[in-house]
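Below is one structure, written out as structure tokens; the observations come after it.
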There are 2 protein chains.
Amino acid sequence: MEKFKKYLSSIASISDQEFIDSSSYFSPKKLKKGDFFVRENQVCPHLAFILSGTIRMFYLNDKSEEITSCFCTENNLTSSYKSFVLQEPSHLMLQAITDIELIVISYDGLQKLYNLFPVWQTIGRAVAEQEYFRMERYAAILNNESAKEKYLRLLKEQPEVLQLANIEDIATYLGVTRRTLSRIRQEISN
Amino acid sequence: MEKFKKYLSSIASISDQEFIDSSSYFSPKKLKKGDFFVRENQVCPHLAFILSGTIRMFYLNDKSEEITSCFCTENNLTSSYKSFVLQEPSHLMLQAITDIELIVISYDGLQKLYNLFPVWQTIGRAVAEQEYFRMERYAAILNNESAKEKYLRLLKEQPEVLQLANIEDIATYLGVTRRTLSRIRQEISN
DNA sequence: TAAAAAAAAGGACAAATGTCCTCAAGTGCT
DNA sequence: AGCACTTGAGGACATTTGTCCTTTTTTTTA
């Protein structure tokens with residue numbers, strides 16, 4: 001829980017007592033490699049903080065191809081955020097690509113925190129803002145960097161993902177085909 | 001103001017009295033075509049609701065080329081959101097591409113609303129969530145649609161933008177060069 | 001209104017990426 | 001260990017997109 005408290009402190013000032021009072025609304029959860037945290041068309045039941053492990057977030061495009069939109073790693077939140085917030089069926093799927101340890105909270109639990117502790121209103125807004133900043137950055141990268149630059153960025157920022165994920169998934173994450181990714185890797189190794 | 005109230009009601013339930021009490025924190029603002037709402041490296045001073053007109057949001061990439069990231073149209077919020085929320089210098093610029101009428105609120109004004117009216121906590125979170133949803137959708141489109149599909153989507157969803165913005169800006173918005181956009185337009189006209 | 005300037009269209013070729021494929025290496029299963 | 005199965009690398013060619021231009025159209029200004 002210490003990791004989680006540290007994360008919360010980094011986005012809003014929460015006192016020790018507030019954290020203790022809030023913590024009964026959270027519960028631990030483990031997933032095995034390959035398990036789904038969220039399936040397609042399921043309402044995302046939890047917002048989760050990743051204590052350890054990596055989750056692949058993906059969706060099916062109109063040709064029913066899996067498109068990876070994010071690799072979520074430890075010390076970050078994960079969820080099908082829109083589905084969770086609006087309590088509507090998810091178009092995103094979240095699947096563990098390693099064994100995972102999470103701390104999760106349900107939608108109802110979070111609403112209770114909003115009502116009981118004013119600080120959670122601020123945390124809730126800060127989380128939404130953080131998710132926005134992350135997505136804004138992702139969009140700027142998508143729109144502005146070549147596939148090679150994106151690969152090098154992934155190598156720098158999430159090197160473990162290159163070990164854990166398969167080529168196909170990395171390729172769709174970068175927005176290119178397997179063939180192009182293969183060329184990029186060849187180029188870099190020279 | 002009626003338009004703005006309608007917008008707020010669509011994202012959180014605000015009573016008539018709450019709206020009246022809040023409204024003194026907002027002020028009207030007009031911009032002429034070509035005026036900047038936010039310049040580069042300026043801390044975005046306001047969050048704005050667009051009553052009428054269109055704003056182009058753009059940034060400079062590492063080759064100092066202007067990349068358009070959004071066209072903001074009436075009945076939507078606009079701001080350099082990250083800059084406004086964190087009160088840090090903006091890398092985004094917002095420029096009017098028509099004459100504009102806005103309703104704006106300052107950062108301090110919004111903090112006061114958060115403190116005075118609990119409903120504003122909810123609105124603030126809902127706004128952050130909305131901005132996130134918009135950006136998530138934009139990223140999915142960027143990563144998944146061809147330039148032609150993106151053009152057709154723009155034609156469908158914001159046809160007025162194709163009249164107002166110049167080709168160069170539309171091209172960078174779609175993530176292609178002028179030449180490619182020219183080819184797309186030729187193809188469609190056949 | 002005519003000249004100048006700016007914006008958009010489009011030609012020709014180069015570069016990047018995709019498609020479809022085969023081959024090699026690694027993985028799991030019996 | 002041996003065989004099927006999966007995964008990644010990379011060849012050959014087609015398609016798409018970019019680069020660098022020139023030409024055409026539109027807009028601005030004297």
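Computed from heavy atoms alone, side chains included, the values below leave out hydrogens, waters and symmetry copies. Here is how names work: the chains are called A, B, and so on, in the same order as the sequence lines, proteins then strands, and each is numbered from 1.
By the 4.5 Å heavy-atom criterion applied to side chains, A:T172 and A:E66 are not counted as neighbours.
Separating the CD1 atom of A:I170 from the P atom of D:dG8 is a distance of 8 Å, rounded to the nearest angstrom. Counting to the nearest Å, the C1' atom of C:dA16 and the NZ atom of A:K150 are 13 Å from each other. Straight-line distance from the CD atom of B:E168 to the P atom of C:dA9: 12 Å, rounded to whole Å. Counting to the nearest Å, the C1' atom of C:dG18 and the CD1 atom of A:I184 are 13 Å from each other. In this structure, A:R178 atom CZ and D:dT7 atom C1' are separated by 9 Å, rounded to whole Å. Separating the CD1 atom of A:I167 from the P atom of C:dA25 is a distance of 17 Å, rounded to the nearest angstrom. Rounded to whole Å, the distance from CG on A:L164 to C1' on D:dG8 is 17 Å. Protein atom CD of B:Q163 is 12 Å distant from nucleotide atom P of D:dT27, rounded to whole Å.
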Do any N or O atoms of the protein come closer than 3.5 Å to N or O atoms of nucleotides 11-16 of chain D, and which pairs are they?
| residue | atom | partner | partner atom | Å |
| --- | --- | --- | --- | --- |
| D:dG11 | N7 | A:R179 | NE | 3.4 |
| D:dG11 | N7 | A:R179 | NH2 | 3.0 |
| D:dG11 | O6 | A:R179 | NE | 2.8 |

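Residues A:E168 and A:R178 are paired through a salt bridge, judged by an N-O separation under 4.0 Å between the basic side chain and the carboxylate. Remark: B:R153 engages B:E145 in a salt bridge, criterion side-chain N to carboxylate O under 4.0 Å. A salt bridge between A:E129 and A:R125 is present, with a side-chain N of the basic residue lying under 4.0 Å from a carboxylate O of the acidic one.
Between A:F49 and A:F26, a ring centre-to-centre spacing not shorter than 6.0 Å is recorded.
There is no side-chain donor-acceptor pair under 3.5 Å between B:Y173 and B:R56.
For the pair A:T180 and C:dG18, the criterion of a side-chain N or O lying under 4.0 Å from OP1 or OP2 is met. Proximity of A:R185 to the phosphate of D:dG8: no side-chain N or O atom is located under 4.0 Å from OP1 or OP2.
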